[in-house]
Participant: 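The structure follows.
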Amino acid sequence: MKNIVLFGPPGAGKGTQATLLKEKYSLIHISTGDVFRYNIKNETELGLLAKKYMDEGDLVPDEVTINMLKAEVNKNAGANGFIFDGFPRTESQAIALDAFLEEKGEKINGMVALEVSEDLLVARLLERGKTSGRTDDTDESKIRNRFNEYNTKTAVLKDYYQAQGNYYGADGVGSIEDITNRLADVFDKL
Ligand code: ADP
């Protein structure tokens with residue numbers, strides 16, 4: 001199996017790139033943000049819980065997110081591998097993911113990070129908010145809060161994967177195709 005954590009700050013382009021790369025490598029793409037939004041739309045219990053955090057740009061609690069992620073992986077027994085998009089976002093999530101995969105005799109092959117500066121990202125997110133219908137993309141203070149969450153809780157994961165010798169950075173600025181090619185060069189090695 002090839003299990004890849006696609007990493008990067010909010011708006012870095014993880015969803016766009018994951019959609020292209022999952023086809024190329026026949027992997028299952030799990031976006032925790034998409035799963036939460038699906039649950040919100042369908043007014044499930046999980047959706048109602050997640051909504052109050054997401055609307056503010058706060059992270060959903062670890063336990064809820066970890067259980068949801070495990071269920072998504074278990075739905076896809078027999079997969080060739082996974083692209084994790086938006087997970088892990090905290091060190092406890094990363095530890096839980098390693099333990100969960102180890103139980104299955106699997107591991108993370110690498111964290112591949114899209115590197116983009118914060119100012120460019122805020123502009124991108126506000127632009128996306130005009131058409132995406134995502135309430136968390138229309139209000140600059142909520143966007144800033146998502147970066148705050150990212151910088152205080154998520155950015156440390158670079159060190160976590162680097163310590164395992166599993167961190168690969170890629171320049172996230174350029175055309176969609178150029179960025180896909182940069183990421184594919186890394187995926188090929190993993
Ligand atoms: P973006 O990368 O643009 O922030 P996502 O769709 O990945 O968008 O995530 C949107 C929101 O969903 C986050 O701000 C957070 O509230 C919630 N969320 C997604 N993944 C996680 C996670 N792994 N842990 C906690 N909350 C999460």
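First listed ligand is number 1; within each ligand, the first listed atom is number 1.
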Participant: A quick test of your reading: do over 12 heavy atoms of other residues, nucleotides or ligands sit less than 6.0 Å from NZ of K51?
Facilitator: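 Count not over threshold, so no.
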
Participant: Do any heavy atoms of R134 fall under 4.0 Å from ligand 1?
Facilitator: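 The answer is yes, since R134 has a heavy atom less than 4.0 Å from ligand 1.
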
Participant: Which of these passes salt bridge (charged side-chain N to carboxylate O under 4.0 Å, His left out) with D137: R37, R146, K130, R124?
Facilitator: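 It is R146, the one option of R37, R146, K130, R124 that forms the salt bridge (charged side-chain N to carboxylate O under 4.0 Å, His left out) with D137.
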
Participant: Do the side chains of E140 and R144 get close enough for a salt bridge, i.e. N-O under 4.0 angstrom?
Facilitator: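 Yes, charged N to carboxylate O under 4.0 Å.
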
Participant: Which protein heavy atom lies closest to atom 9 (O) of ligand 1, and at what distance to 0.1 Å?
Facilitator: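 Going by distance alone, atom 9 (O) of ligand 1 is nearest to R89 NH2, 3.5 Å.
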
Participant: Provide, to 0.1 Å, the distance between atom 17 (C) of ligand 1 and the closest protein heavy atom, together with that atom's residue and name.
Facilitator: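 So the nearest neighbour among protein heavy atoms is M54 CG, 3.7 Å.
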
Participant: For E63, is the CD atom crowded, meaning more than 12 foreign heavy atoms sit under 6.0 Å from it?
Facilitator: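 Open.
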
Participant: At a non-hydrogen distance cut-off of under 4.0 Å, which region of T65 contacts ligand 1 (side chain, backbone, both, or neither)?
Facilitator: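 T65 to ligand 1: side-chain contact only, backbone stays beyond 4.0 Å.
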
Participant: Does R124 approach ligand 1 within less than 4.0 angstrom via side chain, backbone, both or neither, non-hydrogen atoms only?
Facilitator: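 Neither part.
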
Participant: Is there at least one pair of N or O atoms, one from G86 and one from ligand 1, spaced under 3.5 Å apart?
Facilitator: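 N/O-N/O distance under 3.5 Å: yes.
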
Participant: Provide, to 0.1 Å, the distance between atom 26 (N) of ligand 1 and the closest protein heavy atom, together with that atom's residue and name.
Facilitator: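 I find the closest protein heavy atom is V60 N, 3.0 Å.
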
Participant: Looking only at non-hydrogen atoms, which of D58, L125, T32 approaches atom 15 (C) of ligand 1 most closely?
Facilitator: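 Residue with the shortest heavy-atom distance to the ligand atom: D58.
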
Participant: Just heavy atoms, cut-off under 4.0 Å: does K51 contact ligand 1 by side chain, backbone, both, or neither?
Facilitator: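 Looking at K51 and ligand 1, no heavy atom falls under 4.0 Å.
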
Participant: Is it the case that more than 12 heavy atoms not belonging to I95 sit under 6.0 Å from its CD1 atom?
Facilitator: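 Yes, the 6.0 Å shell around CD1 holds more than 12 heavy atoms from other groups.
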
Participant: Which residue and atom name correspond to the protein heavy atom nearest atom 27 (C) of ligand 1, and how close is it?
Facilitator: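 In this structure, atom 27 (C) of ligand 1 has F36 CE1, 3.8 Å as its nearest protein heavy atom.
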
Participant: Could you pull out, from K52, R128, Q93, K14, the option with a heavy atom nearest to atom 3 (O) of ligand 1?
Facilitator: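 Heavy atom nearest to atom 3 (O) of ligand 1 belongs to R128.
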
Participant: Quick one: does ligand 1 sit under 4.0 Å from the side chain of R37, the backbone, both or neither, non-hydrogen atoms only?
Facilitator: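 Side chain only.
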
